[in-house]
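To keep things clear, I will list the structure first and then write my remarks on it.
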Amino acid sequence: MLKKITAIIILFGLIGWAIYDQTSKTTEAEKKVHVSKEDVQKSVKIGFQEGNKAPNFQLKTLEGKDVQLSDMKGKKLILNFWATWCPPCKAEMPHMQKFYQDNKGKNVEILAVNLTTAEKNPNGINKFVKDYGLTFPVLLDSTGEIGDAYQAFTIPTSYIIDTNGIIYKKIVGPMDKEMMTELMKSIN
């Protein structure tokens, strides 16, 4: 009887340790996003869930300019992950462009992160942007690390981020202009 109780205690101890060990690990992709000392000192948890402060990162635009997520502080933001071959992304882009045009100068920004490593033809990104008449910033995730960190496994995936850099909502799937407008109205 004592052996059975000891075995059960050891088994539960191992299960508990495995659960703790699994939940406490940081993925390699999560390590690639930049967390500043200023972010750590704030009381809001930094992470990828709604209510978390969105982790900072830096990517290049199509034109080669460096853009950091932290550059958008003070603006309402749609952080969109997409690829040129994705049919729902293609359907969403005209809505996103119209939303961007209608809200230009209204403290609202879009950062469209192309999952470049998922592209069949990375050279086709410029043509796609030109064909769709996109004027909002298009960033290139050429290593795939930011898309992985932000868990953009199904695309399009968008994060709605408020003026304080807090993730308000994660949207998996395409949005239309009306949905973008309503989401932006609901955040500060």
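Since this is a predicted model, take the numbers as computed values, not measurements.
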- Taken to the nearest 0.5 Å, the spacing of Met72 CE from Glu109 CD works out to 5.0 Å
- Could you pull out all residues at least two apart from Lys104 that satisfy salt bridge (charged side-chain N to carboxylate O under 4.0 Å, His left out)? none
- Item | Qualifying residues under ring-ring contact (aromatic ring centres under 6.0 Å, His included), relative to Tyr132, sequence neighbours excluded | Phe128
- Task: Please examine the side chains of Pro156 and Phe81, heavy atoms only from C-beta on, and report whether any two atoms are closer than 4.5 Å.
- Result: no
- Message: Test of understanding: clusters of I, L, V, M, F, W, Y form through side-chain heavy atoms closer than 4.5 Å, transitively. Do Leu111 and Met184 belong to the same one?
- Response: no
- Message: Restricting to non-hydrogen atoms, name the atom on Ala83 and the atom on Cys89 that form the minimum distance, rounded to 0.1 Å.
- Response: O-CB, 3.6 Å
- Pairwise side chain to side chain donor-acceptor pair (under 3.5 Å) hits with a residue in residues 171-185, at least two apart: Asp102-Lys177
- Message: Rounded at 0.5 Å granularity, tell me how far CG in Asn188 sits from OG1 in Thr163.
- Response: 4.0 Å
- Check: Val67 and Gln58 side chains under 4.5 Å, non-hydrogen atoms: no
- Query: Quick one: does Asp141's side chain have a donor or acceptor within less than 3.5 Å of a partner on Ile146's backbone?
  - Reply: yes
- Task: Would you sort out whether Met93 and Phe136 count as a side chain to side chain contact (heavy atoms under 4.5 Å, CB included), showing the intermediate values?
- Result: CA-CA 10 Å; Met93 286 300 169; Phe136 47 80; 3.8 Å; yes
- Do the side chain of Asp162 and the main chain of Asn164 share a donor and acceptor less than 3.5 angstrom apart? yes
- So, for Ile46 and Asn52, which heavy atoms are closest and what is the spacing to 0.1 Å? C-CB, 4.2 Å
- Item | Close side-chain approach of Met96 to Met180, heavy-atom, < 4.5 Å | yes
- Quick one: does Asn56's side chain have a donor or acceptor within less than 3.5 Å of a partner on Leu69's backbone? yes
- Return the minimal non-hydrogen interatomic distance between Leu115 and Ala152, and the atom names on each side. CD1-O, 3.9 Å
- Task: Return the set of residues passing side-chain hydrogen bond (donor to acceptor under 3.5 Å, both in side chains) with Asn80 (not counting sequence neighbours), or none when no residue passes.
- Result: Glu92, Ser158
- Would you call Ile161 and Ile166 a side-chain contact if the rule is heavy atoms closer than 4.5 Å? no
- Is a side-chain donor or acceptor of Trp82 paired with a backbone partner of Pro88 at a separation under 3.5 angstrom? no
- Query: Any chain of hydrophobic side-chain contacts (each under 4.5 Å) joining Ile78 to Val108?
  - Reply: yes
- Please answer whether the main-chain N or O of Gln68 pairs with a side-chain N or O of Asp71 as donor and acceptor at a distance below 3.5 Å. yes
- At what distance, to the nearest 0.5 angstrom, does OG of Ser142 lie from CG of Asn114? 10.0 Å
- Do side-chain atoms of Lys76 reach the backbone of Ile187 as a donor and acceptor pair under 3.5 angstrom? yes
- Exam field: side chain Gln97 to backbone Thr135, donor-acceptor pair closer than 3.5 Å: yes
- Ile160, Val113: one ILVMFWY side-chain cluster at the under-4.5 Å cut-off? no
- Task: Report yes if the side chains of Lys170 and Glu50 come closer than 4.5 Å at any heavy-atom pair, otherwise no.
- Result: yes
- Message: Using the ring centroid of each side chain, check whether Tyr150 and Phe57 are separated by less than 6.0 Å.
- Response: yes
- Establish whether Ile171 and Tyr100 are linked, either directly or via other cluster members, by ILVMFWY side-chain heavy-atom contacts under 4.5 Å. yes
- Can you name the residues that form a ring-ring contact (aromatic ring centres under 6.0 Å, His included) with Phe99, not counting sequence neighbours? none
- Locate the shortest heavy-atom distance separating Tyr159 from Phe48; write the atom from each residue and the value. CE2-O, 3.5 Å
- Item | Pairwise distance CG(Leu140) to CG(Asn126) - rounded to 0.5 angstrom | 8.0 Å
- Query: side-chain hydrogen bond (donor to acceptor under 3.5 Å, both in side chains) with Asn123: which residues, sequence neighbours excluded?
  - Reply: none
- Given the rule that I, L, V, M, F, W and Y join up when any side-chain heavy atoms are under 4.5 Å apart, are Tyr168 and Met179 in one cluster? yes
- Task: Check the pair Thr84 / Glu119 against side chain to side chain donor-acceptor pair (under 3.5 Å), numbers first and verdict last.
- Result: CA-CA 7 Å; Thr84 61; Glu119 290 291 350; 2.4 Å; yes
- With rounding to the nearest 0.5 Å, note down the distance linking CG in Leu77 to CD1 in Ile110. 8.5 Å
- Value for OG1 (Thr117) from CG (Asp148), rounded to nearest 0.5 Å, stands at 7.0 Å
